[in-house]
Amino acid sequence: MLEPLVLPTPEALAEHAAAAIEAAMRRSPRGLFCLAAGDTPRATYERLVFRLKRSQAELSGLRFIALDEWQGLAPDSPGGCQSFLRETIIGPLGIAEANVVFFDALGDPGTACREVADRRRAWGPITLAVLGIGRNGHLGFNEPGTLAESTVRLVVLDSTTKRVGAKYFPDGRAPRLGLTLGLADLLTADEVLVLASGEAKRGIVRRALDPSSFPEVPAAVLHRHRHATLLADRAAFGAE
Ligand code: F6R
């Protein structure tokens with residue numbers, strides 16, 4: 001089931017999500033965490049870093065695996081998922097390089113995908129996946145029509161993903177291809193949290209809560225998961 005949980009404001013959403021991630025990290029100090037980039041989780045990660053530093057939590061055993069990346073970007077490229085996560089989480093928490101794996105988006109895509117898939121098998125299962133939802137319902141770069149059996153791969157990005165994704169890039173142009181964990185990889189996570197904030201997500205949040213909208217709305221695959229929560233603020237969820 002994909003259970004909705006509605007918080008009144010974006011701030012309350014970020015606080016709730018940060019507390020949930022912190023709790024998972026404390027329960028599983030050697031756990032594997034898969035975190036989305038994007039605008040939605042930024043405030044959550046800020047609060048998470050604050051909480052973990054304040055409590056002097058033990059972080060040396062935590063591991064992090066990439067969710068997705070725009071193909072062709074250098075590791076420190078503005079707009080990239082890796083650079084975002086390094087800036088918001090990996091850097092501020094001082095996570096060791098040996099405990100993170102990102103897609104090598106400059107190299108051969110097959111090799112990059114194999115590396116991430118191998119690491120997921122070696123380090124997995126994913127303890128907690130923190131995801132965003134695209135306006136087209138995508139999870140990671142699993143675009144509308146993706147099979148539930150999909151695994152790590154190179155994908156041609158949907159036109160909505162490219163149009164909306166332009167906001168991340170200084171030149172206003174998003175790459176055409178992406179690298180992503182598949183829906184099957186996400187379904188094997190022990191727990192999944194999907195964050196949705198703002199009115200622009202309202203329509204797609206509604207559709208994601210209907211199991212029959214899969215595979216047109218990839219996020220609806222999470223109704224097959226045993227512990228998936230859609231955390232939405234009031235603006236994303238709409239009035240009761
Ligand atoms: C990013 C990712 C994407 C985003 C989604 C929502 O790593 O996996 O699926 O989570 O496109 O993006 P924002 O939060 O910018 O609305």
Side-chain angles (χ1 to χ4, degrees), residues 2 10 13-14 17-18 21 33-46 48 64-71 73 75 77-90 100-103 105 112-113 116 120 126 128-146 150 152-169 172 174-175 177-183 185-187 189 192-205 207-208 215 217-222 228-233 235-237:
L2 180 58
L13 170 73
I21 302 167
F33 292 80
C34 175
L35 307 180
D39 288 341
T40 313
R42 190 178 278 278
T44 294
Y45 299 160
E46 264 168 31
L48 175 65
F64 293 83
I65 189 165
L67 169 62
D68 52 7
E69 189 54 276
W70 306 88
Q71 172 64 8
L73 288 200
S77 264
C81 301
Q82 176 169 182
S83 70
F84 173 90
L85 289 168
R86 285 193 182 280
E87 174 202 321
T88 56
I89 292 276
I90 305 298
V100 300
V101 60
F102 287 107
F103 285 104
C113 289
V116 170
R120 189 192 68 74
I126 293 169
L128 174 65
V130 180
L131 310 177
I133 179 170
R135 290 198 209 178
N136 57 4
H138 74 194
L139 293 179
F141 283 146
N142 292 286
E143 304 288 33
T146 300
S150 57
V152 186
R153 69 205 188 285
L154 177 72
V155 293
V156 176
L157 297 169
D158 186 76
S159 55
T160 304
T161 299
K162 283 182 291 185
R163 182 172 46 77
V164 177
K167 67 180 174 172
Y168 305 125
F169 295 95
L177 301 171
L179 299 156
T180 187
L181 291 190
L183 294 180
D185 300 303
L186 299 176
L187 286 172
V192 178
L193 265 188
V194 183
L195 310 183
S197 176
E199 213 177 304
K201 297 287 172 71
R202 189 176 292 179
I204 200 66
V205 160
R207 294 181 69 202
V217 177
V221 79
L222 293 174
T229 309
L230 195 149
L231 276 185
D233 60 21
F237 192 73

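Starting from 1, each residue takes its place in the sequence as its number. In listed order, ligands and their atoms are each counted from 1. When reading the values below, keep in mind they use all heavy atoms of this one structure, side chains included, and skip hydrogens, waters and symmetry mates.
Between Leu73 and Phe169, the closest side-chain pair of non-hydrogen atoms falls below 4.5 Å.
If you check the side chains of Arg163 and Asn136, you find no donor sitting under 3.5 Å from an acceptor.
At a threshold of 4.0 Å, the pair Glu87-Arg42 counts as salt-bridged, since one of the basic side-chain nitrogens sits closer than that to a carboxylate oxygen. Comment: Lys167 engages Asp39 in a salt bridge, judged by a side-chain N to carboxylate O separation of less than 4.0 angstrom.
Ring planes of Phe33 and Phe64: tilted class, angle from 30 to 60°.
Looking at Glu199, its side chain never comes within 3.5 Å of a backbone N or O of Ala235 through a donor-acceptor pair.
Closer than 4.0 angstrom to ligand 1 lie heavy atoms from Ala36, Ala37, Gly38, Asp39, Thr40, Leu67, Asp68, Cys81, Gly132, Ile133, Gly134, His138, Gly140, Lys167, Tyr168, Lys201.
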